[in-house]
Structures are given as C-alpha cells and as structure tokens.
Amino acid sequence: MKIASWNVNSLNVRLPHLEQWLRDAAPDVVGVQETKLEDARFPDAVLAALGYRTVFHGQKTYNGVAILAHDRMIADVQMGIPDFHDDQKRVVAATVDDVRIINLYVVNGQDVGTEKYAYKLRWLEAVHDWIARELQAHPKLVVLGDFNIAPDARDVHDPAVWNDDHILTSTAERAALQRLLALGLHDAFRLHNDEAGVFSWWDYRQAAFRRGMGLRIDLTLVSDALKPLAVASGIDREPRTWERPSDHAPAWVQLAR
DNA sequence: ATGGTCGACCCTCGA
C-alpha cells in the first residue's frame with residue numbers, strides 16, 4: 001500500500017499534473033493539500049475515472065484538503081480537528097482498509113512572533129491532543145501532509161538561514177513536531193534515508209529549485225504499529241520539473257501488506 | 001536591494 005502526500009497549490013491549475021502523477025506513481029492513497037476549491041467544484045468525477053474515490057474538505061482561494069483512495073472504500077471521514085473551531089479547511093481524516101489516514105495542511109505561520117505564528121502553535125497543540133486520542137482508537141495510523149516544519153538541519157539547504165529563529169525551523173515549531181512524534185509516530189523518510197539535502201519544497205522565487213534551495217517540509221508519519229511494515233519511502237522530485245509546477249513535490253511511504 | 005514568483009482575484013494578500 002503506497003501512501004503519499006502532495007501539496008498541489010491549487011487543484012484547479014494542477015489537476016493535469018495530479019492525473020499524470022497518479023498514472024506514473026500509482027499510489028493507493030494520496031493526501032492532497034491546498035486544493036483552493038469549494039467542495040462543489042472538486043473534480044471527483046475526473047479522479048473517479050482513474051479509479052480513485054475521494055473525500056474533500058475545501059474552501060475558495062485558501063487551504064483545502066482531500067484524500068484519494070484507489071479501488072478502496074473510504075470510511076469514518078472526519079473534517080477538521082474535533083472540538084477545535086477553525087474556519088480554515090486544513091484537516092481531513094478517514095479510514096482506508098484498516099489504516100487510519102490523517103491529512104494535515106499545517107498553518108504556515110508567516111514569521112516568528114506574528115499572530116499567524118501564534119495560531120500555528122495553538123493549532124499544532126490541538127492536533128497533538130487529537131492525534132493522541134486517534135492513536136488509542138486506531139493503532140495503525142498514518143499522519144501525512146504539508147507540515148510547514150523542517151525537522152532538522154539535514155532538511156534545509158542553508159542551516160544558517162533556516163535557524164532556530166526562522167519560520168518553518170524555529171525552536172517552538174520543531175518542538176511541536178517532536179511532541180507529535182513522541183506520541184509514537186515516526187518520520188517514514190528517515191527510516192530509510194539519513195542523507196541531508198533531500199527536499200520536498202522549493203520557493204518559486206530566486207530560481208530556488210534550479211539552485212537546490214529547498215526544504216523537506218512534506219512528511220509521512222507512521223505509527224509504532226505500522227513502522228515494521230514501512231518498507232520504502234521517498235520524495236518524487238519529477239513533478240517539480242514539469243511545466244507550471246506546484247512548489248511542492250510528492251512524499252510517499254510504502255507499507256508492506 | 002527587505003525584492004525575487006506564483007495563485008486567486010480585482011489590487012493586494014498569502015505562501
């Protein structure tokens with residue numbers, strides 16, 4: 001079972017890329033972020049033609065998330081974080097076969113010290129408390145998404161810039177990610193790969209992709225129960241080379257079954 | 001050089 005996460009930065013623009021990548025990579029489950037589409041405009045029929053069932057939780061202009069599952073039923077769908085009021089559509093969870101999938105579009109946070117940064121930390125705290133409960137109910141859990149946090153210095157192109165005081169790498173953000181992992185989750189990429197400089201996001205500005213100036217902020221986390229089944233993982237850079245690309249590349253984990 | 005490029009939308013904001 002191949003499970004992936006991709007921030008498409010507008011599904012309206014990127015639907016052809018998603019279709020192409022689904023054909024190329026043949027993932028079984030995909031969590032998509034930044035669809036930027038109201039639910040009425042979600043292209044579920046196009047994805048159904050490729051064999052994918054979908055659930056989606058979207059809004060106009062900003063945010064928006066979805067889960068795609070190839071040839072599999074999607075059950076027990078949860079939109080948003082329970083008991084956490086949020087007008088921003090950033091979370092969808094569902095059960096596919098016997099695996100619970102939580103798809104997150106984590107708050108960006110703009111800059112350390114801003115109101116958006118405070119919202120990011122509050123939001124991560126609510127996610128933490130919810131996932132603690134989800135793990136009790138669903139030991140076979142995958143948490144994936146655009147985390148907008150680079151876990152450590154290997155995950156940034158320039159650690160002097162992306163330091164303890166910088167957005168996406170600040171001490172409090174990384175601590176929030178570590179608290180999530182401490183619940184019994186594992187960064188699947190790091191189960192199979194310890195090298196530095198493998199990234200999932202490159203800014204559109206400064207020709208960052210061509211110059212290798214990226215960050216690894218798109219993660220797939222597997223629970224203790226699934227860790228022994230995680231046989232491979234990676235980041236597929238190729239869609240970032242296509243014409244008019246998303247600024248993110250898909251990250252994936254393969255579960256043996 | 002406090003920018004750069006996108007996407008959505010209406011002119012500027014969010015990333």
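The sequence lines fix the lettering, A, B, ..., with proteins before strands; numbering per chain opens at 1.
- One can place CD of A/E38 at 13 Å from P of B/dA8, the figure rounded to the nearest angstrom.
- The OH-P distance, from A/Y117 to B/dA15, rounds to 15 Å in whole Å.
- A salt bridge does not link A/K89 with A/E38: every distance from a Lys NZ or Arg NE/NH1/NH2 to an Asp or Glu carboxylate oxygen is 4.0 Å or more.
- Among the candidates A/D98, A/D224, A/D97, the single residue satisfying the salt bridge (charged side-chain N to carboxylate O under 4.0 Å, His left out) test with A/K140 is A/D98.
- Take the nearest nucleotide of DNA chain B for A/P245 and for A/V107: the residue whose nucleotide is more 5' is A/P245.
- Spacing between atom CG of A/N63 and atom P of B/dA8 amounts to 13 Å, rounded to whole angstrom units.
- Computed from coordinates, the A/L15 CG to B/dG7 P distance equals 14 Å when rounded to whole Å.
- For A/H166, the ring-ring contact (aromatic ring centres under 6.0 Å, His included) partners at least two apart in sequence or on another chain are A/W162.
- Counting side-chain heavy-atom gaps under 4.5 Å among Ile, Leu, Val, Met, Phe, Trp and Tyr, the cluster of A/F209 also holds A/F199, A/W202.
- Within the structure, ring-ring contact (aromatic ring centres under 6.0 Å, His included) pairs that include any residue of residues 91-114 of chain A do not occur (at least two apart or interchain).
- Using a 4.0 Å cut-off, no side-chain N or O of A/R244 falls inside it from OP1 or OP2 of B/dT5.
- For A/R174, the salt bridge (charged side-chain N to carboxylate O under 4.0 Å, His left out) test picks out no residue, with sequence neighbours left out.
- Projected onto DNA chain B by closest heavy-atom contact, A/Y105 and A/D203 fall at different nucleotides, the more 5' of which corresponds to A/D203.
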Give every pair of a protein N or O atom and an N or O atom of nucleotides 12-14 of chain B that lie under 3.5 Å apart, one pair per line with the distance.
unit_1, atom_1, unit_2, atom_2, d
B/dG14, OP2, A/K116, NZ, 3.3
B/dG14, O5', A/K116, NZ, 3.3

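- Atom pair A/N108:CG and B/dC6:P shows a separation of 18 Å (rounding to whole Å applied).
- Pairs passing the side chain to side chain donor-acceptor pair (under 3.5 Å) check and including a residue from residues 45-62 of chain A, sequence neighbours excluded, read A/Q59-A/N63.
- Distance check on atom P: B/dA15 versus B/dT2 gives 23 Å, rounded to whole Å.
- Here the C1' atom of nucleotide B/dA8 and the CZ atom of A/R41 are 10 Å apart, to the nearest Å.
- Rounded to the nearest Å, the gap between the P atom of B/dG4 and that of B/dC13 is 13 Å.
- Between A/L168 atom CG and A/F147 atom CZ the span is 13.5 Å, to the nearest 0.5 Å.
- Proximity of residues 147-174 of chain A to DNA chain B (heavy atom under 4.0 angstrom from any strand atom) is not detected for any residue.
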Subject >> Watson-Crick and G-U pairing of DNA chain B, under 3.5 Å, as dot-bracket with | and [ ] >> reply: ....((((...))))

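- Between B/dA1 and B/dC10, the distance separating the two P atoms is 36 Å to the nearest Å.
- Through direct or indirect side-chain contacts shorter than 4.5 Å among Ile, Leu, Val, Met, Phe, Trp and Tyr, A/V231 is connected to no other residue.
- Per the geometry, CH2 belonging to A/W201 stands 14 Å off P belonging to B/dT5, to the nearest Å.
- Side chains of A/D194 and A/H192: a donor-acceptor N/O pair is absent below 3.5 angstrom, by distance only.
- The shortest non-hydrogen separation linking A/A230 to A/L255 is CA-CD2, 3.9 Å.
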Listing time: all N or O pairs from protein to nucleotides 1-4 of chain B that are below 3.5 Å?
none

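- In this structure, A/R190 pairs ionically with A/D155, as a charged nitrogen and a carboxylate oxygen lie closer than 4.0 Å.
- Distance, A/Q59 CD to B/dA15 P: 11 Å, rounded to whole Å.
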Quiz: residues 130-138 of chain A side-chain donor-acceptor pairs under 3.5 angstrom, not counting sequence neighbours:
unit_1, atom_1, unit_2, atom_2, d
A/R133, NH1, A/D129, O, 3.4
A/E134, OE1, A/R100, NE, 2.9

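- A/W252 is linked by a ring-ring contact (aromatic ring centres under 6.0 Å, His included) to nothing, counting only residues two or more places apart in sequence or in another chain.
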